[in-house]
**Student:** 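I am attaching a structure below and will ask some questions about it afterwards.
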Amino acid sequence: MRDLKREPIVPGPDTLVLGIETSCDETAAALVMGGADVLSSVVSSQVDLHADFGGVVPEIASRAHLDVLNPVVARAIVEAGVDEPRIDAIACTVGPGLIGALLVGVSAAKAFALAWDVPFVAVNHMEAHLYAAFLEDPTLEFPLVVLLVSGGHTMLVEMRGHGDYTMLGQTIDDAAGEAFDKVARYLDLGYPGGPAIDRAALDGDPEAIRFPRAMIDVGLDVSFSGLKTSVINHVRRHPDVSSADVAASFQAAVVDVLVTKARRAAAQVGATGIALGGGVAANSLLREELLGACATDGLQGFLPSRAMCTDNAAMIAAAGWYRLGSDGPSPLDTGAHPNLRLPLRA
Amino acid sequence: MLLRAGSVEITHAIAAAVAGFARPGDMIVLAGEMGSGKTAFAQGFGRALGVTEPITSPTFTLVHSYDCGRITLHHADLYRLERTAEVADLALVELAEFDGIVLVEWGDVAGASLGDHLEVRLGVDTDALLSGDGDEELRSIELTAVGRSWSRRWDRLNTALEPYRW
C-alpha cells in the first residue's frame with residue numbers, strides 16, 4: 001500500500017487549494033491560488049438546483065449536501081478554468097457545524113485527496129471567517145479586531161498574526177443576525193430579516209423608541225435576547241406603532257452596541273483596524289457607523305463584500321493555505337468536530 | 001404541572017431543578033412563543049449540568065453540543081426548519097440514545113417523532129403586559145410528561161418544584 005505520509009509542502013503563491021464547505025445550510029466549493037486569488041467560488045444557494053435536478057432540494061439536510069456536492073465541486077473547477085491535476089491540496093471545514101452535514105464534506109474531501117494524491121487540510125469554519133477579510137484586502141495589518149456578526153454568531157476576535165487569535169467577546173444569548181431575523185418576522189417585514197429591517201428602517205425614525213442597549217457600558221460581550229423581547233413587548237403594547245420606526249429604532253440599538261464594543265475592543269488591544277465579517281456585515285447602518293467610528297479613532301475600517309461575509313468555500317481554501325504552511329497536511333483519519341472552537345493562543 | 005416564574009432567575013432555578021432529574025437518553029421539548037424564555041430555560045438547565053461556556057441560541061446553527069463529562073447536552077432549535085425530513089436529519093433521537101440529553105426549542109412542531117419526552121411550555125402573561133402595570137418578566141411554565149419515561153419521575157419532580165407552583 002502506498003505510504004500516505006508525505007513531506008509537508010510549503011504553500012507558495014502558485015499553490016492551488018480546493019476549498020469545500022458543508023457545515024450548515026450551504027454546500028460550497030472554491031479554488032483559491034496562493035491563499036489570496038479567488039479563481040472560483042460556488043455556493044449551492046446561488047445555483048439553480050431546481051433546473052439541475054428537477055425537484056425541490058431541502059436546504060438543511062445531509063442528503064442535500066450529498067446530492068449537490070459533486071456538481072458544486074465540478075462547477076468550481078470548470079469556472080476556475082483549470083484541470084483537476086493542477087489542484088495542489090484539498091481544504092475542508094471539519095467543524096463547528098452539524099455532524100451529518102460536516103461528514104459529507106469531510107468524506108468527499110478525503111476521497112478527492114486520496115484519488116488525486118494531494119494533501120488534505122482540516123479547516124475550522126470560524127477561523128476561515130477571519131480569513132475572508134484577507135481575501136479581499138491582503139494588505140490588512142495586525143493586530144486586527146474582527147467583528148463577526150451573523151445569524152449564528154456574534155463575536156469580537158483579536159487577530160495578532162496568522163493562527164494567533166484571542167476571543168475578546170461574544171454574545172451570551174442570541175446572535176445579532178438572529179435578532180434581526182426574529183424582529184423582522186414579528187413585524188411581518190419578510191425574509192430574510194436583515195435586508196428587510198434595513199429597508200424598512202430607511203423610512204423610520206431611529207430615535208422614535210429608546211430600546212435597551214444591554215451591557216453597552218461594560219466589557220466586550222453582547223446580549224440581544226432582551227432587546228428582542230423588548231421589541232415584541234413594545235409592539236404588543238402599541239399595536240398601531242409604525243413598523244418603520246420600530247425597525248429603525250431596533251437597528252439603531254443593535255448597531256450602537258456592536259460599534260461601541262468594536263471600538264472598545266480595538267482600543268483595548270491597540271489594533272490598527274477593525275474588519276467586519278458575517279452576514280450582518282451587509283447591514284448599511286452598521287457599515288456606515290463602523291467606518292465613521294474608525295475614521296474618528298484613526299483606525300483602518302474594512303468591510304468585505306457580502307459574498308465573502310456569508311458562508312463560502314473561498315475562505316476555507318484561504319485558511320487551508322495558511323494551515324498547510326503552519327501545520328502541514330492533516331491525517332486522513334481526521335473526523336468531523338461539531339463543537340470545534342476557535343483555536344486560541346495558549 | 002403549572003409553575004410561576006417571576007424573573008429570569010426563577011426560570012433558571014426551575015430549569016436547574018428539572019435538570020436534577022434528567023438522565024442520559026432524555027428528550028426535553030421547549031415550547032412557547034418568541035421571547036417567552038426558551039433559551040433562558042436551556043441556560044439554567046445547562047449551568048446545572050456544569051456547562052460553563054455561554055449557552056447561546058441555536059436558531060441558526062441548529063444544534064449546539066456541550067460536553068458535561070459523562071453526558072453530552074445537545075441544544076437544538078427547530079424554528080427554521082420547515083419539513084419533517086429536515087427534523088429527521090438532525091438525528092435528535094439518536095443524539096439522546098448516545099448518552100445525551102437533548103433540549104429542543106420549538107420541539108412541539110415535531111410532535112410524536114421525538115418519542116417519550118418532557119414538554120416545557122413557557123408563556124408570557126399578555127393581559128398583565130397590556131394593562132400597562134404588567135410584569136414584563138413574569139412567565140408561566142407548564143410541564144407535561146409525554147410517555148412513560150417522565151411519568152415514572154413525576155411524583156419526585158412534582159415535590160421538588162412545589163415552591164414554584166402557580
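Quick note on labels: first sequence line is chain A, next is B, and so on, each numbered from 1.
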**Student:** Quick one: which residue pairs count as a ring pair (Phe, Tyr, Trp, His ring centres under 6.0 Å) with a foot in residues 89-110 of chain B, not counting sequence neighbours?
**Tutor:**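 Applying ring pair (Phe, Tyr, Trp, His ring centres under 6.0 Å) to every pair that reaches into residues 89-110 of chain B, excluding sequence neighbours, yields Tyr79(B)-Trp106(B).
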**Student:** So for Lys182(A), is it side chain, backbone, both, or neither that comes closer than 4.5 Å to the heavy atoms of chain B?
**Tutor:** both
**Student:** For a 4.5 angstrom cut-off between non-hydrogen side-chain atoms, does Asn339(A) reach Tyr66(B)?
**Tutor:** no
**Student:** Who wins among Thr229(A), Ile172(A), Asp173(A) for the most heavy-atom pairs under 4.5 Å with chain B?
**Tutor:** Asp173(A)
**Student:** Give the minimum heavy-atom separation between Phe60(B) and Cys24(A), together with the two atoms involved.
**Tutor:** O-SG, 3.7 Å
**Student:** Would you mind telling me which of Gly35(B), Ser57(B), Gly37(B) has the largest number of heavy-atom pairs within less than 4.5 Å of chain A?
**Tutor:** Ser57(B)
**Student:** Using 0.5 Å steps for rounding, measure from the CD atom of Glu53(B) to the CZ atom of Arg341(A).
**Tutor:** 4.0 Å
**Student:** Using side-chain heavy atoms (C-beta onward) and a distance below 4.5 Å, is Asp174(A) in contact with Thr56(B)?
**Tutor:**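 Side chain of Asp174(A) against side chain of Thr56(B), heavy atoms only: no contact under 4.5 Å found.
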**Student:** I need the Thr61(B) OG1 to His125(A) NE2 distance, nearest 0.5 Å.
**Tutor:** 10.0 Å
**Student:** So does Arg80(B) pair up with Asp25(A), basic N to acidic O under 4.0 Å?
**Tutor:** yes
**Student:** Does CZ belonging to Arg165(B) count more than 12 external heavy atoms closer than 6.0 Å?
**Tutor:** yes
**Student:** Check this for me, if you would: do Glu33(B) and Arg236(A) make a salt bridge, where the nitrogen-to-carboxylate-oxygen distance has to be below 4.0 angstrom?
**Tutor:**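 Arg236(A) and Glu33(B): salt-bridged.
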**Student:** Could you measure the distance from the CD1 atom of Ile99(A) to the CD atom of Glu94(B)? Nearest 0.5 Å is fine.
**Tutor:** 13.0 Å
